[in-house]
There are 2 protein chains.
Amino acid sequence: MQTQAEGSLKRVFRDNALKATPQRLDVLKLLMTSGEHLDAEEIYKRLLKKKKNVSRATIYRTLEVLVEYDFVRKLDFADGRMRYEQNQNPDEHHDHMVCQVCGKVFEFFNPQIEALQEAIAQEINFQMLSHTMHIYGICSACGDSADPVA
Amino acid sequence: MQTQAEGSLKRVFRDNALKATPQRLDVLKLLMTSGEHLDAEEIYKRLLKKKKNVSRATIYRTLEVLVEYDFVRKLDFADGRMRYEQNQNPDEHHDHMVCQVCGKVFEFFNPQIEALQEAIAQEINFQMLSHTMHIYGICSACGDSADPVA
DNA sequence: AAATTACATGAGACTCATTATCATTTGCAG
DNA sequence: CTGCAAATGATAATGAGTCTCATGTAATTT
Ligand SMILES: [Mn+2]
Ligand SMILES: [Mn+2]
Ligand SMILES: [Zn+2]
Ligand SMILES: [Zn+2]
């Protein structure tokens, strides 16, 4: 059985003289099924645990092409390493809240904010290509309990 | 002549058993007068050019304490190094648009967006401590001309 | 004004995420 | 099947930022 994304990857790659290697499929499948916001090292470790044959260098190179072809989004939560998440629907996007206690990531999308961003850019004739919005703080679980994350 | 910020720094530092060294004053003054969003290396090079006596390690350590005491804000434009800007008024803040062609940074503040962010966090009982919002794209100067930045 | 001392600095070693190099392997078109 | 461009793996290199430690100095105390 082959997932939708895998088929899409093979097609897109073939059309661009790129190879659909097992490593690329493995990385993509991991991000698709986990649904998490993972860093390169975590992806590497999880694939090793699954007895997948892959190197760190390939992880980085693979993530680069997956981002380039819009299969994956690269996120910067300002803690020294990049995170990656699946990008099922490149037309949509969402922003993130990050709990600084437990590290949990919450996603949100607010059309009003999106519209305001567009308007602000317009005002100075700035052509917006992308934007990031990260809210940092303490999630409800960590805020409620004196013993967070437990 | 001594600037407002320098006096404030001396006072705050004295109250916290920290020393108002020439290096700290130099870094702060540079950020205050330039008004730019500079990375550590750029600050280092500019101070060297001014014949100021300072090391890279001290630049990093100094920026750390200046951020800690709210004299400076640390920014992450997701290009591999942190930027620093003066933080004259810690009560206010602003967000940034970054031109991916010329690197120029534009500042903005939108109270509606701020309010919406608060509301979104509230919805899931997330205690917002800080947030970043960066708009990336092409500035009017770079967009208009075929020969940008020129 | 000199002594004291805790904090700060400078030089350079070190860490760690990410990138580059290059010999070897492999996907896949023909 | 074969040929070969593209991809991988091992590992060296890079670069931002941090750490160590001997030395220096701001600020306080005599
Ligand atoms: Mn997400
Ligand atoms: Mn700014
Ligand atoms: Zn939490
Ligand atoms: Zn520009």
Side-chain angles (χ1 to χ4, degrees), chain A residues 2 6-7 9-28 30 37-48 50-69 71-72 74-84 103, chain B residues 2 6-28 30 37-48 50-69 71-72 74-84:
Chain A
Q2 177 172 265
E6 279 172 64
L9 179 147
K10 286 182 181 174
R11 199 174 324 114
V12 172
F13 278 10
R14 197 164 35 233
D15 293 348
N16 288 277
L18 298 174
K19 294 174 182 172
T21 65
Q23 289 86 350
R24 288 173 174 172
L25 274 299
D26 288 341
V27 171
L28 180 63
L30 174 59
H37 304 76
L38 304 174
D39 62 72
E41 184 65 20
E42 180 65 22
I43 293 169
Y44 176 64
K45 286 193 289 198
R46 292 198 189 184
L47 289 181
L48 281 194
K50 286 176 195 253
K51 307 292 186 202
K52 299 294 186 181
N53 187 306
V54 71
S55 69
R56 274 192 188 77
T58 295
I59 296 285
Y60 281 105
R61 283 183 296 227
T62 293
L63 288 170
E64 195 178 8
V65 317
L66 290 179
V67 168
E68 183 180 351
Y69 286 93
F71 289 102
V72 164
K74 184 176 185 176
L75 305 173
D76 183 352
F77 292 158
D79 67 343
R81 60 221 149 122
M82 295 294 132
R83 307 300 170 94
Y84 300 86
Chain B
Q2 177 171 265
E6 281 172 62
S8 169
L9 178 148
K10 287 182 179 174
R11 199 175 322 113
V12 171
F13 278 13
R14 196 163 39 232
D15 293 349
N16 288 277
L18 298 174
K19 293 174 183 173
T21 66
Q23 289 85 349
R24 287 173 176 173
L25 274 298
D26 287 341
V27 171
L28 181 62
L30 174 59
H37 304 76
L38 304 173
D39 63 70
E41 184 65 20
E42 180 64 22
I43 292 170
Y44 175 64
K45 285 194 288 196
R46 291 198 190 185
L47 289 182
L48 281 194
K50 288 177 195 255
K51 306 294 185 201
K52 299 294 187 181
N53 188 306
V54 71
S55 71
R56 262 185 258 274
T58 295
I59 296 284
Y60 281 107
R61 282 183 297 226
T62 293
L63 288 169
E64 195 177 7
V65 317
L66 290 179
V67 168
E68 184 180 351
Y69 287 93
F71 287 103
V72 165
K74 186 177 185 175
L75 306 174
D76 184 353
F77 292 158
D79 67 343
R81 60 220 146 123
M82 294 295 135
R83 307 300 170 94
Y84 300 86

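Chain letters run A, B, ... following the sequence lines, proteins first, then strands; residues in each count from 1.
- Within 6.0 Å of the CD atom in E68(A), the count of heavy atoms belonging to other residues, nucleotides or ligands exceeds 12.
- Terminal axes of the helix from dA1(C)-dT30(D) to dG30(C)-dC1(D) (five pairs each, C1' rotation axis) are separated by 30°, to the nearest 10°.
- The two residues R24(B) and L9(B) have their closest heavy-atom pair at O-CD1, 4.4 Å.
- Atoms CD and OH, from E64(B) and Y84(B) in turn, are 8.5 Å apart once rounded to the nearest 0.5 Å.
- For E64(A) and dT19(C), the CD to P distance is 6 Å, given to the nearest whole Å.
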Collect all protein-nucleotide pairs involving nucleotides 21-25 of chain C in which both atoms are nitrogen or oxygen and the distance is under 3.5 Å.
from: dT21(C); atom 1: O4; to: R61(A); atom 2: NH1; distance (Å): 3.4

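- Taking atom OH of Y60(B) as the reference point, atom C1' of dA8(C) lies 18 Å away to the nearest angstrom.
- Contact annotation: the side chain of V27(A) never approaches that of V72(A) to less than 4.5 Å [non-hydrogen atoms, C-beta and beyond].
- Atom pair D79(B):CG and dT18(C):P shows a separation of 14 Å (rounding to whole Å applied).
- The interatomic distance linking L48(B) (CG) with dG10(C) (P) rounds to 10 Å, in whole Å.
- In this structure F77(B) satisfies the ring pair (Phe, Tyr, Trp, His ring centres under 6.0 Å) test together with H96(B), H134(B), sequence neighbours excluded.
- Considering only residues two or more places apart in sequence or on other chains, D26(B) meets the side chain to side chain donor-acceptor pair (under 3.5 Å) condition with none of them.
- Atoms CZ (R83(A)) and C1' (dA17(C)) sit 12 Å apart, rounded to a whole Å.
- Under the rule for a side chain to side chain donor-acceptor pair (under 3.5 Å), the partners of D39(A) that lie at least two apart in sequence or sit in another chain are R81(A).
- Nucleotide dT9(C) holds its P atom 10 Å from the CD1 atom of I59(B), rounded to whole Å.
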Can you give each donor-acceptor pair under 3.5 Å made by side-chain atoms of residues 51-59 of chain B, sequence neighbours left out, with the distance rounded to 0.1 Å?
from: S55(B); atom 1: OG; to: T58(B); atom 2: N; distance (Å): 3.2
from: S55(B); atom 1: OG; to: T58(B); atom 2: OG1; distance (Å): 3.2
from: R56(B); atom 1: NH1; to: E41(B); atom 2: OE1; distance (Å): 2.6
from: R56(B); atom 1: NH1; to: E41(B); atom 2: OE2; distance (Å): 2.7
from: T58(B); atom 1: OG1; to: R61(B); atom 2: NH2; distance (Å): 3.3

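- Put simply, the side chain of T62(B) does not reach to within 4.5 Å of the side chain of I43(B), judged on heavy atoms.
- Heavy-atom minimum distance, D76(A) versus A78(B): OD2-CA, 3.4 Å.
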Hey, what are the protein-to-nucleotides 28-30 of chain C N/O distances that come in under 3.5 Å?
from: dC28(C); atom 1: OP1; to: A20(A); atom 2: N; distance (Å): 3.1

- Taking it one step at a time, do M82(B) and L63(B) satisfy side-chain contact (heavy atoms from CB on, under 4.5 Å)? CA-CA 11 Å; M82(B) 294 295 135; L63(B) 288 169; over 6 Å; no

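- Note: CG (N53(B)) to C1' (dA11(C)) measures 12 Å, nearest angstrom.
- Scanning DNA chain D 5' to 3' for nucleotides with an atom closer than 4.0 angstrom to a non-hydrogen atom of chain B gives a first and last hit of dA16(D) to dT28(D).
- Pairs of residues two or more places apart, or lying in two chains, never qualify as side-chain hydrogen bond (donor to acceptor under 3.5 Å, both in side chains) while including a residue from residues 11-23 of chain A.
- If you measure from atom OH of Y69(B) to atom P of dC7(C), you get 11 Å, rounded to the nearest angstrom.
- Distances shorter than 4.0 Å separate none of the side-chain N or O atoms of Q23(A) from OP1 or OP2 on dT26(C).
- Residues from residues 37-45 of chain B that place a heavy atom under 4.0 Å from any atom of DNA chain C: there are none.
- Residues L18(A) and Y69(A) are in side-chain contact: their nearest non-hydrogen atoms beyond the backbone lie under 4.5 Å apart.
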